[in-house]
Number of protein chains: 2
Amino acid sequence: MVKYGMKHVSTSMNSYISYMLAAAHHAVHQTLATRLKDHGMQVETWRILETLDSEQRLTMGELARIVLMNPPTLTKMVDRMVSQGLVHRQVDASDQRKVNLLLTDLGRKRMTEIRELVRVQDREILAQLDPQQVEVLNCVLRDLSDTAG
Amino acid sequence: MVKYGMKHVSTSMNSYISYMLAAAHHAVHQTLATRLKDHGMQVETWRILETLDSEQRLTMGELARIVLMNPPTLTKMVDRMVSQGLVHRQVDASDQRKVNLLLTDLGRKRMTEIRELVRVQDREILAQLDPQQVEVLNCVLRDLSDTAG
DNA sequence: TGAATTTACTTTCCAAGTCAACTATTAATT
DNA sequence: AATTAATAGTTGACTTGGAAAGTAAATTCA
């Protein structure tokens with residue numbers, strides 16, 4: 001349930017695009033995190049599950065870039081997910097340095113449940129905007145994502 | 001210096017607006033963080049300094065909301081900043097529960113230097129976009145910031 | 001007034017993140 | 001082929017973050 005009537009905090013920071021972006025992300029992330037928490041799931045955990053479902057045979061490094069985490073952080077998060085029975089590791093046959101991550105049945109099941117919550121939030125966000133805004137936003141966010149290496 | 005030619009990572013996550021926003025934020029935050037690090041400064045630290053410079057007599061709570069931090073996290077960061085001589089605490093005269101934060105001369109000096117770096121990055125980002133996009137982006141980000149309470 | 005509640009901030013304890021170093025494997029050089 | 005360099009992932013020491021409890025001041029209300 002989206003909260004309306006939230007009083008906007010006016011601050012000099014609003015003139016910085018990097019801050020505006022951080023603030024928007026913060027707000028959206030917070031609502032999503034709260035919703036997923038009710039189902040015992042973190043946003044980052046869900047991202048990993050979702051990514052593994054669609055791209056097969058991902059290595060830790062590739063996954064780390066996609067889910068926006070540093071490798072050591074991902075390693076530890078995956079450790080936890082393994083002990084929760086959501087994923088399992090498999091050493092790559094053709095390159096033994098690489099580790100492929102695979103969803104377990106439980107992992108896929110949990111992912112599917114959570115996916116719906118994320119889609120609900122997505123629809124709520126998009127409903128606030130008009131179609132042109134959505135198009136521009138998508139385009140701009142894609143540009144910005146490629147800003148840094 | 002912005003890195004061009006960064007290969008965009010195509011992933012199913014790109015269909016989620018919350019992820020696109022996170023990815024854009026991540027990229028922008030990373031570049032800024034790297035630049036500020038060369039000057040021994042964190043993004044969050046700069047935000048605090050910048051905010052204190054323009055709004056006078058801010059309490060910890062107000063500041064926390066503006067700089068997007070939880071109160072305990074802010075308390076600890078301010079502890080560090082006090083020991084670095086960037087800010088100092090002052091108990092509010094009319095309400096002794098409140099704490100006002102004030103910039104020191106050093107804090108103001110450091111803030112002014114860093115501000116330029118942030119503005120440079122801002123200009124670089126805006127230069128990538130055309131004016132209509134910028135207007136829409138500002139408007140949309142403001143909307144999204146008010147999404148959550 | 002004074003007991004109960006609310007508000008503001010901090011502390012504590014534990015979980016999570018980070019940097020640098022480390023291991024293992026593969027690729028490149030000579 | 002043997003040595004060197006590069007890559008992939010993890011580990012370990014340390015720092016930081018966060019939820020919940022704690023402290024203290026202000027406010028409410030009986």
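First the proteins, then the strands, lettered A, B, ... as listed; each starts at 1. Bear in mind the structure is a predicted one, so any value in this text is a computation, not a measurement.
Protein atom CG of B:Leu101 is 13 Å distant from nucleotide atom C1' of C:dT10, rounded to whole Å. The distance between atom CD of B:Gln30 and atom C1' of C:dT18, rounded to the nearest whole Å, is 12 Å. Distance CG (B:Asp95) to P (C:dT6): 17 Å, rounded to an integer number of Å. Protein atom CE of B:Met69 is 11 Å distant from nucleotide atom P of D:dT16, rounded to whole Å. In this structure, NZ of B:Lys98 is placed 10 Å from C1' of D:dA26, rounded to the nearest angstrom. In this structure, CD of B:Glu44 is placed 14 Å from C1' of C:dT18, rounded to the nearest angstrom. Atom P of nucleotide C:dA16 and atom CG of A:Leu68 are separated by 19 Å, given to the nearest angstrom. Distance, A:Asp92 CG to C:dT25 C1': 12 Å, rounded to whole Å.
Of the residues in residues 72-83 of chain B, B:Pro72, B:Thr73, B:Lys76, B:Arg80 come within less than 4.0 Å of DNA chain D through at least one heavy atom, sorted by number.
Listed candidates were C:dC9, D:dG9, D:dA25. Nearest to the side chain of B:Arg97 is D:dA25. Here the side chain of B:Lys37 is nearest to one of D:dA26, C:dT25, C:dC19, namely C:dC19. Side chain of A:Val99, nearest nucleotide from C:dT26, D:dA25, D:dG9: D:dG9.
Separating the NE2 atom in B:His25 from the CG atom in A:Leu144 is a distance of 11.5 Å, to the nearest 0.5 Å. From A:Lys109, atom NZ reaches atom CG of A:Leu86 across 10.5 Å, with rounding to the nearest 0.5 Å. Atom NE2 in B:His29 sits 9.0 Å away from atom OG1 in B:Thr34 (nearest 0.5 Å). Distance check: B:Ile48 CD1 to A:Met13 CE gives 10.0 Å after rounding to the nearest 0.5 Å.
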For residues 111-118 of chain A, which side-chain N or O atoms pair as donor and acceptor with protein atoms under 3.5 Å away, sequence neighbours left out?
unit_1: A:Thr112; atom_1: OG1; unit_2: A:Arg108; atom_2: O; d: 2.7
unit_1: A:Glu113; atom_1: OE1; unit_2: A:Arg110; atom_2: NH1; d: 3.0
unit_1: A:Arg115; atom_1: NE; unit_2: A:Glu50; atom_2: OE1; d: 3.1
unit_1: A:Arg115; atom_1: NE; unit_2: A:Glu50; atom_2: OE2; d: 3.4
unit_1: A:Arg115; atom_1: NH2; unit_2: A:Glu50; atom_2: OE2; d: 2.8
unit_1: A:Arg115; atom_1: NH2; unit_2: A:Asp53; atom_2: OD2; d: 3.2

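Neither OP1 nor OP2 of D:dG17 sits under 4.0 Å from any side-chain N or O of B:Asn70.
Sorted by first then second residue, the side chain to side chain donor-acceptor pair (under 3.5 Å) pairs that include residues 70-82 of chain B, not counting sequence neighbours, are B:Asp79-B:Arg89.
Each of B:Asn100 and A:Ser94 was matched to the nucleotide of DNA chain C holding its nearest heavy atom; the match closer to the 5' end belongs to B:Asn100.
Side-chain N or O atoms of B:Thr59 include none that pairs as donor or acceptor with a backbone N or O of B:Lys98 at under 3.5 Å.
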